[in-house]
Amino acid sequence: MAELTSIILAAGQGTRMNSSLPKVLHPLLGRPMLQYIVDASIKVGSSRTIVVVGFEGQQVIDTIDQGHGLGQGQAQAQAHDLQYVWQKQQLGTGHAVMMAQEILSKVDGDLLVLYGDTPLLRAETIQELLKTKRTQQAAAAVLTTQLVEPKGFGRIIRNSAGTIQGIIEEKDASTEERKITEVNTGVYCFEIPLLLKALHEITPRNAQGEYYLTDVIKVMAGKGLRVIGVVTAAAEEVMGPNDRIQLAQTENFLKQAINQRWMSSGVTIQDPSFTYIGPEVEIGRDTTVLPGTFLQGKTIIGEHCIIGPHTKIIDSVIEHHTTVQFSQIVQAHLGPENNVGPYTYVRPGTVSAAKVKIGDFVEIKNCQIGIGTKVPHLTYLGDSELGAGVNIGAGTITCNYDGVSKHRTVIKDGAFIGSNANLVAPVTIGEKATIGAGSTITKEVPDNALAVARSKQEVKTGWRSPREREK
Ligand code: UD1
Ligand code: CA
């Protein structure tokens, strides 16, 4: 099969977004718009993807390279040949493709042209265009669609035999041409060497003074090359959001599709309109997701969990029969039958075993927590290792940071930490040791020992306060 390369045009600002952030980086369900189309490009089997950047281009490159919210696709995407080319001045869609000329002149096969702002475009739809182009051995194929309201789009010009002659932009179109309802979606597939030849022949002599990519269709058709139009019924897939109103509509569309898929596979979603599940999240059967929940990145939720209400989980694993309510969990792994929340913040690097309780107003960062351990309330644990069956009293703080370095706290199996203890790291609390309430622990506590480190209570009987003495 011929080699496939994709080019994604993402140099524009997206003026109507009225934003300092380039349009293609605005997130939908926690991931940048551009990421969706990069993934689609990988999914259709492109061996390389070229992204044309311009407005805030470095930010676009960094975001995509960091695999922001990439989740599952990350490893796949890292192995993928992703290249960037700059288009410093946005002189039109044809000009944008020309920026990749050097790369393209060294490769054969087909080029898919995609836009960075069409996150709804499915790989299946692109595949249909590609397949038709190849079976009909066309030099170029354009994905088109019929619109009742074609305003703003390029119109497809066909002759009486139905063969495509060209594409006319709205601003250059005559009144007659504007009546055409078949429009250009902006998705194309070209034979690379033929496209490069045609690109040399386009000029910016048009209403917008731009190098239109659409003009290569006319050039190719004029040379008698086979140019075909593939009509798709999925018009909503190629509609990129142009402003923030459409951005919300686009996210809503994606959200509904994803939520419906999970409900069909046995997940209860109490209020699908107020539940935001990212495209790479996985959820087990008989789990309930309650309103106000955001599941993002590569998050995996087991079976029979209750997630929410008002919970955000990013790039984390939650094993079966675990409950998380009113909480935020980031890059953590919670074991089975855990009970988390309300108002818990679980931060990166935290791993819990089975039957762990992490209760209200608890923040946990980079901790390993053993089976059956309880951290019920008002606690900060950082860089710590907790054994099995440990009980952490209210107000316990691990003082893990001395202002320069982070240090570890080890709390062994069955230890009991009294309320309001400060554990100054590095420190180890032995097995079944007990820490008296209010202690500031700075030295190792052996197994089975009691450590109390607080000033002794003094009681003065019959004492009258200065206020009372004045009376
Ligand atoms: C384009 C098509 C039009 C089609 C419509 C579908 C042309 C001339 N017209 O028009 O026929 O109906 O898409 O949406 O191609 N971009 C760059 N560099 C540039 C210009 C654009 O990277 O110099 C990027 C933009 O960031 C955007 C995409 O290309 O993602 C499309 O550009 P836009 O200006 O929106 O094209 P339209 O005028 O909508
Ligand atoms: Ca557009």
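The chain is numbered in sequence order, starting from 1. Values below: every heavy atom of this structure, side chains too, minus hydrogens, waters and symmetry copies. Note that this is a predicted model, so its numbers are computed, not measured.
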Do we see a donor-acceptor contact under 3.5 Å between the side chains of T350 and H333?
no
Step by step, would you call H80 with T49 a side chain to side chain donor-acceptor pair (under 3.5 Å)?
CA-CA 8 Å; H80 187 75; T49 300; 2.7 Å; yes
Is a donor from one side chain sitting under 3.5 angstrom from an acceptor on the other, for D271 and S273?
yes
May I ask you to check whether D62 and Q66 show a side-chain donor-acceptor distance below 3.5 Å?
no
Would you call K23 and D243 a salt bridge, taking side-chain N to carboxylate O under 4.0 Å as the test?
no
Going by salt bridge (charged side-chain N to carboxylate O under 4.0 Å, His left out), name the residues that satisfy it together with R285, two or more places apart in sequence or in a different chain.
none
State which residues pass side chain to side chain donor-acceptor pair (under 3.5 Å) with N366; sequence neighbours excluded, sorted by chain then number.
D383
Verify the distance criterion only: is there a donor paired with an acceptor across the side chains of T428 and E444 at less than 3.5 Å?
no
Side chains of Y276 and N259 only: does a donor on one sit below 3.5 Å from an acceptor on the other?
no
Less than 4.0 angstrom from a charged side-chain N to a carboxylate O is my criterion; do K412 and E385 meet it?
no
Acceptor/donor pairs from residues 368-377 side chains to any protein atom, 3.5 angstrom cut, sequence neighbours excluded:
unit_1: Q368; atom_1: OE1; unit_2: R408; atom_2: NH2; d: 2.9
unit_1: T373; atom_1: OG1; unit_2: G370; atom_2: O; d: 3.4
unit_1: T373; atom_1: OG1; unit_2: G387; atom_2: O; d: 2.7
unit_1: T373; atom_1: OG1; unit_2: G389; atom_2: N; d: 3.2
unit_1: T373; atom_1: OG1; unit_2: V390; atom_2: N; d: 3.0

Using salt bridge (charged side-chain N to carboxylate O under 4.0 Å, His left out), reason through K355 and E337 one step at a time and then give a plain yes or no.
CA-CA 5 Å; K355 297 180 196 289; E337 297 174 64; 2.9 Å; yes
